[in-house]
Amino acid sequence: MATAISRKSNLRHFYRYFSSYSLLNECRRSTKPSPLLFHGFSDSLHKHPLPVSQSDICFGHHGIRSLALVNRFLCTNAPSSSVSQANSSSKGSSPETSKQSGELHQTPEQQGQSVRGAPVSWLSFALLIATGAGLIFYYDSEKKRHIEDINTASTAVKQGPSAGKAAIGGPFNLVNHDGKSVTEKDFLGKWTLIYFGFTHCPDICPDELQKLASAIDKIKEKARIDIVPVFISVDPERDTVEQVREYVKEFHPNLVGLTGNPDEIRKAARAYRVYYMKTEEEGSDYLVDHSIIMYLMDPNMDFVKFFGKNNDVEALTDGIIKEIKQYKKVKA
């Protein structure tokens with residue numbers, strides 16, 4: 001009798017176990033829990049494992065109770081209800097909240113794309129190239145126009161009438177190397193090239209007068225223009241008429257030598273802005289420091305241009321020819 005009761009009890013336990021097992025499989029098929037739910041559940045199991053004894057593993061009354069507990073935990077609607085509550089709360093929340101939650105669930109690739117922004121389009125690149133080309137073209141055209149304006153202005157200044165003349169030149173009354181009185185009026189109608197110096201000059205005056213004489217001959221040969229060369233002494237105490245006559249013969253047959261008393265020499269030098277001064281005297285031997293300049297005067301004895309020591313024969317020749325041609329072009 002006791003044996004029959006024990007068997008009946010075992011069958012009852014087996015039936016309960018089988019029913020729980022079938023119910024567990026049915027719940028698994030009907031319910032699709034969220035991966036996050038099982039992920040959280042697995043993490044909770046790893047962190048806090050359920051205490052299971054050997055007595056619960058057996059197919060006894062306690063084992064069936066444990067299976068029933070697991071069945072109720074897996075098939076419960078609490079997680080899904082909590083998820084649905086979260087979804088409903090997200091639906092009822094404001095757009096800003098849903099936007100923030102959406103940003104939190106964005107993938108790293110989406111987040112990087114939103115930060116980087118859209119790439120440069122072909123249209124914007126073409127507009128950039130066109131703008132750069134336009135700026136370059138505008139700069140080049142403005143540069144060329146500016147250069148043309150400068151050239152035109154400089155040409156107009158050279159060809160137009162002079163706004164003012166240098167205060168160089170003026171009347172003088174001297175004596176030539178033949179002993180005749182000469183004034184500036186004796187040179188009217190002629191191109192004149194005047195140089196101030198003295199006959200006892202050791203080197204500079206001879207070099208400059210030689211250059212002047214060579215340029216006169218070259219101008220005659222190239223442009224068929226006659227230039228009257230004039231030498232005016234700044235040492236009236238030693239440069240007498242005879243001394244000047246002998247001196248000018250050494251350079252050019254057409255060279256006109258002029259001298260005079262100290263007052264007349266001083267007036268002529270002041271009129272042509274010529275500096276001269278005696279150096280220390282040792283008896284009758286002394287030098288005269290003076291300006292080293294040649295003055296080109298037009299047929300009206302008006303100043304045209306001066307030429308300094310840095311001009312050689314060729315530069316002096318070409319410079320004088322250029323000034324004469326320019327003068328004739330303006331007067332025409």
Side-chain angles (χ1 to χ4, degrees), residues 162 165-178 180 182-199 201 203-235 239 244-245 247-260 264-265 267-276 288 290-331:
S162 176
K165 294 183 179 181
I168 296 177
F172 57 84
N173 188 2
L174 301 174
V175 179
N176 66 8
H177 59 272
D178 293 329
K180 296 180 180 180
V182 176
T183 65
E184 76 284 354
K185 295 180 181 179
D186 294 324
F187 299 98
L188 293 176
K190 305 173 184 177
W191 284 92
T192 308
L193 191 62
I194 301 175
Y195 177 78
F196 288 78
F198 63 105
T199 61
C201 181
D203 49 11
I204 295 178
C205 291
D207 292 341
E208 292 299 303
L209 288 174
Q210 186 64 44
K211 182 169 61 177
L212 183 149
S214 300
I216 293 301
D217 292 337
K218 287 183 175 291
I219 292 170
K220 177 70 173 180
E221 180 181 354
K222 286 184 176 182
R224 303 297 178 183
I225 299 174
D226 292 326
I227 305 292
V228 178
V230 178
F231 168 77
I232 299 179
S233 174
V234 292
D235 185 14
D239 289 344
V244 172
R245 184 189 306 117
Y247 186 73
V248 296
K249 289 181 180 179
E250 298 178 2
F251 300 102
H252 197 277
N254 296 332
L255 181 59
V256 177
L258 300 179
T259 187
E264 294 296 334
I265 296 294
K267 291 180 182 178
R270 186 181 297 112
Y272 285 85
R273 302 295 188 268
V274 173
Y275 161 80
Y276 72 99
V288 179
H290 62 88
S291 303
I292 307 173
I293 297 176
M294 299 180 190
Y295 298 91
L296 178 64
M297 311 300 290
D298 65 14
N300 296 321
M301 285 300 289
D302 293 328
F303 170 76
V304 177
K305 189 174 181 178
F306 68 88
F307 299 90
K309 184 181 178 182
N310 57 333
N311 291 276
D312 58 8
V313 176
E314 295 297 331
L316 181 61
T317 301
D318 295 338
I320 292 174
I321 293 175
K322 180 180 177 181
E323 292 298 329
I324 292 175
K325 288 182 177 180
Q326 188 69 31
Y327 173 85
K328 292 181 178 179
K329 186 177 180 180
V330 172
K331 292 296 183 180

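Keep in mind it's a predicted model, so treat the numbers as computed, not measured.
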Problem set entry | Sequence-distant partners of Asn176, side-chain hydrogen bond (donor to acceptor under 3.5 Å, both in side chains), two or more places apart | none
For this session: Using the test ring pair (Phe, Tyr, Trp, His ring centres under 6.0 Å), find all partners of Tyr295 that sit at least two apart in sequence or belong to another chain.
Result: Tyr272
Exercise. At what distance, to the nearest 0.5 angstrom, does OH of Tyr195 lie from OG of Ser291?
Worked result: 9.5 Å
Seminar exercise, completed: Distance col, row Leu316:CG vs Asn310:CG, nearest 0.5 angstrom, shows 10.5 Å
Exercise. Is the shortest heavy-atom distance from the side chain of Thr199 to the side chain of Asp235 under 4.5 Å?
Worked result: no
Exercise. Between Ile324 and Ile227, is any pair of side-chain heavy atoms under 4.5 Å apart?
Worked result: yes
Exercise. If you look at every heavy atom in Met297 and Ile168, which pair is closest and at what distance?
Worked result: CE-O, 4.3 Å
For this session: Kindly write out the residues that satisfy side-chain contact (heavy atoms from CB on, under 4.5 Å) with Arg245, not counting sequence neighbours, or none if the list is empty.
Result: His177, Asp178, Val241, Glu242, Lys249
Exercise. Salt bridge (charged side-chain N to carboxylate O under 4.0 Å, His left out): which pairs involve residues 212-223, sequence neighbours left out?
Worked result: Lys218-Glu314, Lys220-Asp226, Lys222-Glu314, Lys222-Asp318
Problem set entry | Beyond-backbone contact of Met301 with Ile194, side-chain heavy atoms, under 4.5 angstrom | yes
Exercise. Around atom CZ of Phe187, are there more than 12 heavy atoms of other residues, nucleotides or ligands at under 6.0 Å?
Worked result: yes
Exercise. Ile265 versus Leu174: any side-chain heavy-atom pair under 4.5 Å?
Worked result: yes
For this session: May I ask you to test the Pro206-Phe251 pair for a side-chain heavy-atom distance under 4.5 Å?
Result: yes
Problem set entry | side-chain hydrogen bond (donor to acceptor under 3.5 Å, both in side chains) partners for Asn173, two or more places apart | Ser181
Exercise. How far does CZ of Phe198 sit from CD1 of Ile204, to the nearest 0.5 angstrom?
Worked result: 8.5 Å
For this session: State, with a plain yes or no, whether a side-chain heavy atom of Trp191 is found less than 4.5 Å away from one of Asp298.
Result: yes
Problem set entry | Pairing residues for Asp186 by the side-chain hydrogen bond (donor to acceptor under 3.5 Å, both in side chains) criterion, not counting sequence neighbours | none
Exercise. Should Ile219 and Ile321 be marked as a side chain to side chain contact (heavy atoms under 4.5 Å, CB included) after you check the CA-CA gap, both sets of side-chain angles, and the distance that decides it?
Worked result: CA-CA 7 Å; Ile219 292 170; Ile321 293 175; 4.1 Å; yes
For a quick test of your reading: what N or O donor-acceptor pairs under 3.5 Å do the side chains of residues 207-214 make, sequence neighbours left out?
unit_1, atom_1, unit_2, atom_2, d
Glu208, OE1, Lys211, NZ, 3.3
Glu208, OE2, Lys211, NZ, 3.3
Lys211, NZ, Lys309, O, 3.3
Lys211, NZ, Asn311, O, 2.5
Ser214, OG, Gln210, O, 3.1

Seminar exercise, completed: Heavy-atom closest pair (Ala315 atom, Asp312 atom, distance to 0.1 Å) is N-OD1, 2.8 Å
Seminar exercise, completed: Across all chains, not counting sequence neighbours, the ring pair (Phe, Tyr, Trp, His ring centres under 6.0 Å) partners of His252 are none
Problem set entry | Aromatic ring proximity, centroids under 6.0 angstrom, His290 and Phe196 | no
Problem set entry | Set of ring pair (Phe, Tyr, Trp, His ring centres under 6.0 Å) partners for Phe307, sequence neighbours left out | none
Exercise. Which residues satisfy the side-chain hydrogen bond (donor to acceptor under 3.5 Å, both in side chains) test with Lys305, sequence neighbours excluded?
Worked result: none
For this session: Any pair with a residue in residues 208-231 that passes ring-ring contact (aromatic ring centres under 6.0 Å, His included), sequence neighbours left out, goes on the list, sorted by first then second residue, please.
Result: Phe231-Tyr247
Problem set entry | For the student: nearest non-hydrogen atoms of Tyr276 and Val288, plus distance | CB-CG1, 4.2 Å
For this session: Kindly give the heavy-atom pair with the smallest separation between Ala215 and Val313, and that separation in Å.
Result: N-CG1, 4.1 Å
Seminar exercise, completed: Looking only at heavy atoms, the pair that brings Leu255 and Val230 closest together is CD1-N, 3.9 Å
